[in-house]
Amino acid sequence: RAPNELGRIPVLEYHLIVPQETNEFTRTPQRLRQDLEELYKRGYRPVNMTDVLDKKIQNLPRGLSPVVLVFDDASPSQFRYLERNGKLVIDPTSAVGFLEDFANRHPDWPRKAVFCMLPAAQVGRSFFGDKGIEGQKTEWRFQKLQFLHKQGYELCNHTLYHARLDRAGEKVQEFIARGDLAIDSAVPGYKVRTFALPLGMWPKNRPLAWAGAWTDPKSGKTVRYKYDAVLEVSGNPNESPYDPKFDAHSVNRQIMFKNALEATLDRLDKPGPNGRYVSDGNAGTVAKPAAVEPVPAQPKG
């Protein structure tokens, strides 16, 4: 693959990892494993959103392309513990189980993915399981976040409990700030730089999605947030951070459902201005796409 560091970068969106795909918010464990294999085979390697923001994607070996894997809602299906002989082990059929296994089997596959989390959602989606739902104990929640951070995955805020921000009124900043506050409780001092919009809905005052503050009326403590990236729900693969059109406050994602991955990667492999980002392996240069020679017109007759 010819280097092109002005090419497009896919950001893939996952939700529930369950036995059957019934809608766009479900992906089977088998399909998730196939997705990782397909990405690896086609020369993609995972990066965190912060790597894109900080332009560390230039560190990829020549010929490889970045991909951002994002997991929304922090359900137990993404990170589930099992108790075995008095010890906790990661369920191999959960998303983290697949990611860890894949990295163990492929030394050149970094432990990178973005987990956009809810600390107080219903149906157990409270930091990957709460109060015994799907066998997950409340006391395991912080341990899971600490594990993800230690392994190199990125922690992302998805609000307190997934309220639509376009309907949140004056509660917008509270819902966002309390998500950051909960992450800090588990991983003290962690700087959250990426925020995912619930259902892709923006607050009426759009800039509040990436910067704001909330004061806890009980403690008087003010929590401030400022994000470098805001994740949308859908759209085309994103411009390179070296492209002036790149907008970190409006990062598109592709929801992984049915054949969405193959369709996205096939589109990126087509020649033209919307082709994939391909590293030149040199952190000191930004490789531009090779000029395409025009095809001479054929004489008629």
Item to complete: Would you give the length of the straight line joining atom NZ of Lys171 to atom CG of Leu165, rounded to the nearest 0.5 angstrom?
Response: 13.5 Å
Practice prompt. Any chance you could measure Glu21, atom CD, to Thr28, atom OG1, to the nearest 0.5 Å?
Written response: 5.0 Å
Worksheet entry | Spacing of CZ belonging to Arg193 relative to NZ belonging to Lys191, to within rounding of 0.5 Å | 8.0 Å
Item to complete: Give a yes or no on whether Tyr161 atom OH has more than 12 heavy-atom contacts from other residues, nucleotides or ligands under 6.0 Å away.
Response: no
Discussion item. Quick check: do Ile183 and Phe127 have side-chain heavy atoms less than 4.5 Å from each other?
Written reply: yes
Fill in: Flag side-chain contact, heavy atom, 4.5 Å: Arg267 against Asn274
no
Worksheet item: Side chains of Thr93 and Asp91: donor-acceptor distance under 3.5 Å anywhere?
Response: yes
Discussion item. Pairing donors with acceptors under 3.5 angstrom, does anything connect the side chains of Glu232 and Trp202?
Written reply: yes
Practice prompt. Mark yes or no for whether Gln136, through its side chain, and Tyr81, through its backbone, hold a donor-acceptor pair below 3.5 Å.
Written response: yes
Practice prompt. Compare all side-chain heavy atoms of Leu53 with those of Pro241 and state whether any distance is below 4.5 angstrom.
Written response: no
Item to complete: Answer with yes or no whether the hydrophobic clustering places Val96 together with Val68; edges join I, L, V, M, F, W, Y residues whose side-chain heavy atoms lie under 4.5 Å apart.
Response: no
Worksheet item: How are the rings of His106 and Phe102 set to each other: parallel, tilted or perpendicular (split at 30° and 60°)?
Response: parallel
Discussion item. Quick one, Arg141 and Phe128 - any side-chain contact, counting heavy atoms below 4.5 Å?
Written reply: no
Discussion item. Please determine whether residues Val11 and Leu39 belong to a single hydrophobic cluster, defined as Ile, Leu, Val, Met, Phe, Trp and Tyr linked transitively by side-chain heavy-atom distances below 4.5 Å.
Written reply: no
Worksheet item: Yes or no on salt bridge (charged side-chain N to carboxylate O under 4.0 Å, His left out) for Glu38 and Arg42, after CA distance, side-chain angles and deciding distance?
Response: CA-CA 6 Å; Glu38 185 69 16; Arg42 295 210 194 194; 2.8 Å; yes
Fill in: Glu170 CD to Lys204 NZ distance, which is reported to the nearest 0.5 Å
12.5 Å
Fill in: Single hit among Arg276, Arg1, Arg8 for salt bridge (charged side-chain N to carboxylate O under 4.0 Å, His left out) with Asp269
Arg276
Worksheet item: Quick one: are the ring centres of Phe147 and Tyr153 less than 6.0 Å apart?
Response: no
Practice prompt. Please determine, by modelled atom types, if Asn252 and Asn236 share a side-chain donor-acceptor pair under 3.5 angstrom.
Written response: no
Practice prompt. Any pair with a residue in residues 44-77 that passes ring-ring contact (aromatic ring centres under 6.0 Å, His included), sequence neighbours left out, goes on the list, sorted by first then second residue, please.
Written response: Tyr14-Phe71, Phe71-Phe115
Fill in: Contact check, side chains of Leu99 and Leu36, non-hydrogen atoms, under 4.5 Å
yes
Practice prompt. Kindly give the heavy-atom pair with the smallest separation between Pro119 and Ala182, and that separation in Å.
Written response: CB-CB, 3.4 Å
Worksheet item: Say you draw a straight line from CG of Leu32 to CZ of Phe98; how long is it, rounded to the nearest 0.5 Å?
Response: 6.0 Å
Item to complete: For the residue pair Arg27 and Asp35, establish whether any side-chain heavy-atom pair is separated by less than 4.5 Å.
Response: yes
Discussion item. Between Asn104 and Arg111, do the side chains contain a donor N or O and an acceptor N or O under 3.5 Å apart?
Written reply: yes
Worksheet, complete the sentence: Rounded to the nearest 0.5 angstrom, the CD-CD distance for Gln151 and Glu100 is 4.5 Å
Practice prompt. Step through the shown structure and confirm whether more than 12 heavy atoms of other residues, nucleotides or ligands are within 6.0 Å of CZ on Arg206.
Written response: yes
Worksheet entry | Whether Tyr227 and Phe195 hold their rings parallel, tilted or perpendicular, with breakpoints at 30° and 60° | parallel
Worksheet item: Any side-chain heavy-atom pair from Ser94 and Ile17 closer than 4.5 angstrom?
Response: no
Item to complete: Indicate yes or no: at least one non-hydrogen side-chain atom of Asp247 is less than 4.5 angstrom from one of Glu239.
Response: no
Worksheet item: For Lys288 and Glu5, what are the C-alpha separation, side-chain angles and deciding distance, and is it a salt bridge (charged side-chain N to carboxylate O under 4.0 Å, His left out)?
Response: CA-CA 6 Å; Lys288 297 181 180 180; Glu5 291 175 330; over 6 Å; no
Practice prompt. Using a strict 4.0 Å threshold on nitrogen-to-oxygen distance, state whether Arg105 and Asp101 make a salt bridge.
Written response: yes
Worksheet entry | salt bridge (charged side-chain N to carboxylate O under 4.0 Å, His left out) assessment of Asp243 paired with Lys245 | CA-CA 5 Å; Asp243 188 325; Lys245 296 190 294 293; 3.4 Å; yes
Worksheet entry | Any side-chain donor near an acceptor of the partner, Ser234 and Gln254, under 3.5 Å | no
Item to complete: Could you go through the side chain to side chain donor-acceptor pair (under 3.5 Å) check for Thr194 and Glu154 one step at a time?
Response: CA-CA 9 Å; Thr194 303; Glu154 180 180 351; 2.6 Å; yes
Worksheet entry | Residue that, paired with Val47, satisfies side-chain contact (heavy atoms from CB on, under 4.5 Å) out of Leu69, Asn59, Ile57 | Ile57
Practice prompt. Can you tell me which residue pairs pass the ring-ring contact (aromatic ring centres under 6.0 Å, His included) test with a partner in residues 234-273, sequence neighbours excluded?
Written response: Trp210-His249
